[in-house]
There are 2 protein chains.
Amino acid sequence: MERSAKQGIRAVAAEAGVSTASVSRALNNPDSVSAPLRARIARAVETVGYIPHAPARELASRRSRTLGAIVPTIDNTMFARGIASLQKYLSSVGYMLFLTTSGYDLDAELEQARNLVSRGVDGLVLRGDCHHDGLRKMLADYSVPFINVGIYRPDRPYPCVGTDNEAAAHRAALHVIELGHRRIGIVSALQRNNDRASARVAGFRRAMAEHGIKMPPQWHVEVPYTLDDAREAARYLLGLKDRPTAVVCGNDVIAYGVLLEAERSGFSVPDDLSVVGFDDLDWSRHLRPSLTTIHVPTGDTWQRAGEYLVRHLAGEQTIMHHEVDYSLIVRESTASPTRSSK
Amino acid sequence: MERSAKQGIRAVAAEAGVSTASVSRALNNPDSVSAPLRARIARAVETVGYIPHAPARELASRRSRTLGAIVPTIDNTMFARGIASLQKYLSSVGYMLFLTTSGYDLDAELEQARNLVSRGVDGLVLRGDCHHDGLRKMLADYSVPFINVGIYRPDRPYPCVGTDNEAAAHRAALHVIELGHRRIGIVSALQRNNDRASARVAGFRRAMAEHGIKMPPQWHVEVPYTLDDAREAARYLLGLKDRPTAVVCGNDVIAYGVLLEAERSGFSVPDDLSVVGFDDLDWSRHLRPSLTTIHVPTGDTWQRAGEYLVRHLAGEQTIMHHEVDYSLIVRESTASPTRSSK
DNA sequence: GCCTAGTATGTAACCGTTTTCAAGAAATTC
DNA sequence: GAATTTCTTGAAAACGGTTACATACTAGGC
């Protein structure tokens, strides 16, 4: 109530009868100020009802305690989960999250990244390894650290955390091969601008190649991330005169579609057709038959990405490439092809 | 390259040989500057590789072109969809979204709101009408506009956009009553701090009361938002000696659980048991039997919330209470109770 | 041709913090 | 007890923009 008690930190300073510098110190680094002063300032903050103005703080300190994340879409359970987990972790360490989406468009991703940098994020979490050429340069120019999440590429000079999708997919395909299948189809997600999808396809194909299995090209179908599209793909595959005895899928949603359509078309899973998914969503263990799939700890992965950046920003030394384990969960949707075909 | 070409807008100004004021004007209000100057500045921006510093801009202009949203959790398809839609819209009009979660905890929500205000958001999108007492006061103190989304309460003095959950639930219950059911159970979401869940329960009960139906208290079960919990609830209900012939559910996930468990326990849906959901998620039309449910245009709703705030912030006059239509989608999971019981 | 109104640009104060630097007080050393 | 170090605190300069105000110029109107 003295004079010049305009607002913000000066109001607090005036109320406590100290300088703004002391208030700032008391708030950001309590130990750097004497106990009585600290108490007096705390009281002043209380009576004034002071809420610090983050933009001003960012401007002065060049730190925002904010991370940005760009995902293709939130409308995908895996990303939603990852984001939820990341957000929760960041919140627990006093960080905030700026979330944007790219819709699998590399230009849009770059645009969003520029936006986030403009917004002053301290670091960026990116999905996968497949980005616009200019993206890394821009981030380097503005020295904004980033991490690629959901992939594991120790050969790259920038950090990442995730599972080795190629290896996991290889494991999934191996499972049906070991069951005795030789006639294996693939229903994958769209591979364009999606390293995860293509790594999985690569893993499937490697497993087959290693076992001398040749797959007719028409046995590989790519579909968007919806039940409807997956069902349509399944309808096509099952309608072929010469059809596979097993289908490995790029993700669980696709596998659900295949399962539903197989049932609808009168095929029995796993007797007539084995189906393998990837992701282990909730439904996988509830379905009838339950779905054999690859389990990936998505929440963990994204949290780790956050941890990496937070540590890195705190100046701590951390490992750049973190591999997250996957595991094959065998359930009811896979079996030997004995009954139906050779 | 002259002198004092430090960085930021001053670097651009130096490069173009103009004042910082002109650069600022050229960027924010192109018409207020002559064409040649505008061109020269554009070129300078290009060569310098200038990205404006949003925090500084916010500090000076007291506008952030950023909205905040607080949802209970992203790990719920409905919220994920809503957020996706809101984010997409905001992005299209040059706004950004700060996303945080409260976990259905009112104190946490207040805390997050404080955080967002501190961050300088221009407006806030809140889930529902059930908030901490101090929240509205705080937002008023800092004159941050907000809107409650997912509910319709024209009696309130603050804006909202959403469906009338009570009425929609009433409609759902009415459907099974009209089919002839008199023995109706409820499996709802947890009502604590969740106005949506309680409005739906209220709607169910009103429909029953209006038709003179008395429901034994043990026929109402509350469960968390997971398939497992819903199945457990169904197991309990179906295990009762005296059991309902129809179950109305607080949301689709719960309904899925009931459907799965009924099948598992040897009950036929809809012959032995009718099931109604709420939300109309993807799975509802794919399941066997497909689920009768209430369709709610979530994406629209959230986008509208964004539109309201953006308009409001632009000084336009807009309606405060916007009702979003719901509709009953009748599918295979409901039928008359003729066969099984009186 | 002079005055006025209008337009295009520049000058500099300000937004609300942090942080460097300096100064004074207290504690330590010899 | 003087000199040195260490601790606290305050004064004031950034941080990178926006914008009110001032100024120089242009064009009309008489």
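The chains referred to below are lettered A, B, ... by the order of the sequence lines, with proteins before strands, and numbering in each begins at 1. Quick note: numbers below take in every heavy atom, side chains included, and nothing from hydrogens, waters or symmetry partners.
Judged by distance alone with a 3.5 Å cut-off, no donor-acceptor contact links the side chain of B:Arg57 to the base of D:dG16.
At C:dT18, none of the side-chain N or O atoms of A:Ser61 fall inside 4.0 Å of OP1 or OP2 (strictly under the cut-off). Distances shown here put a side-chain N or O of B:Ser22 below 4.0 Å from the OP1 or OP2 atom of C:dG10.
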For nucleotides 21-23 of chain D, list the nitrogen or oxygen atoms of the protein found under 3.5 Å from its nitrogen or oxygen atoms, one pair per line.
none

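At a threshold of 4.5 Å between non-hydrogen side-chain atoms, the residues A:Tyr95 and A:Leu309 do not count as touching. Between B:Tyr225 and B:Asn194, every side-chain heavy-atom pair lies at or beyond the 4.5 Å cut-off. Looking at A:Met96 and B:Leu116, their side chains come closer than 4.5 Å, going by heavy atoms from C-beta outward.
Of the listed nucleotides (D:dC15, C:dG16, D:dT18), D:dC15 has the atom at the smallest distance from the side chain of A:Arg62. The side chain of A:Ala21 sits closest to D:dA11 out of C:dG10, D:dA11, C:dG16. Closest to the A:Ala60 side chain, of the nucleotides C:dG10, D:dG10, C:dT18, is C:dT18.
For residues 80-95 of chain A, every residue pair satisfying the salt bridge (charged side-chain N to carboxylate O under 4.0 Å, His left out) rule, not counting sequence neighbours, is listed here: A:Arg81-A:Asp282.
Between the CG atom of A:Leu59 and the P atom of D:dA14 there is a distance of 13 Å, rounded to whole Å.
In this structure, the separation between CG on B:Leu124 and CG on B:Asn148 is 10.0 Å, given to the nearest 0.5 Å.
A donor-acceptor pair under 3.5 Å is formed between the side chain of A:Ser61 and the backbone N or O of A:Arg57.
The side chain to side chain contact (heavy atoms under 4.5 Å, CB included) check on B:Ala60 picks up nothing, with sequence neighbours excluded. For B:Arg114, there are no salt bridge (Lys or Arg N to Asp or Glu O under 4.0 Å) partners two or more places apart in sequence or in a different chain.
For the segment residues 27-51 of chain B, the set of residues with a heavy atom within less than 4.0 Å of an atom of DNA chain C comprises B:Val33, B:Ser34, B:Leu37, in numerical order.
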Open item on the list: Could you go through B:Tyr308 and B:His322, starting from their C-alpha distance and side-chain angles, then the distance that decides it, and tell me whether this counts as side chain to side chain contact (heavy atoms under 4.5 Å, CB included)?
Closed with: CA-CA 9 Å; B:Tyr308 169 85; B:His322 197 302; over 6 Å; no
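Note on the helix from C:dG1-D:dC30 to C:dC30-D:dG1: terminal axis deviation equals 40°, with five pairs used at each end and the result rounded to 10°.
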